[in-house]
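Notes follow once the structure below has been shown.
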Amino acid sequence: MNIDTEFAAVEEALELNRAKLKPKDLAQLMELSARAKALFLADPEDTNGKTSEGLGLLWDMVDILDAARRRRVVKGVPDEEGEVTGD
């Protein structure tokens, strides 16, 4: 696994979903992604605890994305297929 490639994919996915996120949420997600990447790079052998810190930040990102999905459902915002799913 290449950390640079994996986090480039995360950032690309966030950019593709920019319209579905509040600007504040997108900025926070990008910042958390950058911090998590730095932590993973600082612990390539998973020996100093930085990987665990990075995983925690990834879960923080999941929480932000879940909240964005819930907001879309509550507001009845349809997805690309016209369904209200939170996607």
Side-chain angles (χ1 to χ4, degrees):
M1 172 175 71
N2 181 295
I3 292 172
D4 290 318
T5 302
E6 297 297 325
F7 278 91
V10 169
E11 291 172 11
E12 182 179 345
L14 292 172
E15 285 295 334
L16 288 172
N17 289 284
R18 174 182 288 273
K20 297 178 180 180
L21 298 165
K22 291 181 177 181
K24 174 188 76 114
D25 288 344
L26 179 61
Q28 189 175 12
L29 287 162
M30 295 298 269
E31 187 264 335
L32 287 169
S33 176
R35 286 176 46 207
K37 177 182 175 183
L39 289 166
F40 282 109
L41 288 171
D43 191 10
E45 303 298 322
D46 193 10
T47 57
N48 65 23
K50 301 290 184 187
T51 295
S52 293
E53 288 180 53
L55 288 171
L57 295 180
L58 294 180
W59 284 112
D60 291 345
M61 292 174 69
V62 169
D63 291 342
I64 293 167
L65 292 167
D66 284 346
R69 287 186 191 107
R70 281 191 299 277
R71 283 192 304 269
R72 290 176 59 79
V73 169
V74 167
K75 290 181 179 179
V77 179
D79 60 20
E80 290 82 6
E81 289 83 32
E83 298 178 20
V84 178
T85 64
D87 289 343

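The two atoms that bring Pro44 and Leu41 nearest to each other are CD-O, 3.4 Å, heavy atoms only. Among all heavy-atom pairs drawn from Lys20 and Asp87, the shortest one is NZ-C, 3.3 Å. When every heavy atom of Gly76 is checked against every heavy atom of Val84, the shortest pair comes out as O-CG2, 3.5 Å. Taking both residues in full, the closest heavy atoms of Asn2 and Thr5 are given as OD1-N, 2.9 Å, listed atom of the first, atom of the second, then distance. When all heavy atoms of Leu39 and Gly54 are compared, the closest pair comes out as CD1-N, 3.6 Å.
Atoms CZ and CG, from Arg71 and Asp66 in turn, are 11.0 Å apart once rounded to the nearest 0.5 Å. Note that the CG atom of Asp46 and the OG atom of Ser52 stand 6.0 Å from one another [nearest 0.5 Å]. Separating the CG atom in Leu21 from the CG atom in Leu65 is a distance of 6.5 Å, to the nearest 0.5 Å. Taken from CZ in Arg18 to CG in Asp25, the straight-line distance is 12.5 Å, to the nearest 0.5 Å.
For the pair Asn48 (side chain) and Ala42 (backbone), a donor-acceptor distance under 3.5 Å is present. Formation of a donor-acceptor pair under 3.5 Å by the Thr51 side chain with backbone atoms of Asp43 is found in this model.
Contact check for Leu58 versus Phe40: side-chain heavy atoms found under the 4.5 Å cut-off. Using a 4.5 Å cut-off on side-chain heavy atoms (C-beta onward), Thr85 and Arg72 make no contact. Looking only at side-chain heavy atoms (C-beta outward), Leu57 and Met61 stay at 4.5 Å or farther from each other.
Other residues, nucleotides and ligands contribute only 12 or fewer heavy atoms inside 6.0 Å of the NZ atom of Lys50.
Under the 4.5 Å side-chain heavy-atom criterion for Ile, Leu, Val, Met, Phe, Trp and Tyr, Leu14 and Leu55 are members of the same hydrophobic cluster.
At a threshold of 4.0 Å, the pair Asp60-Arg35 does not count as salt-bridged, since none of the basic side-chain nitrogens sits closer than that to a carboxylate oxygen.
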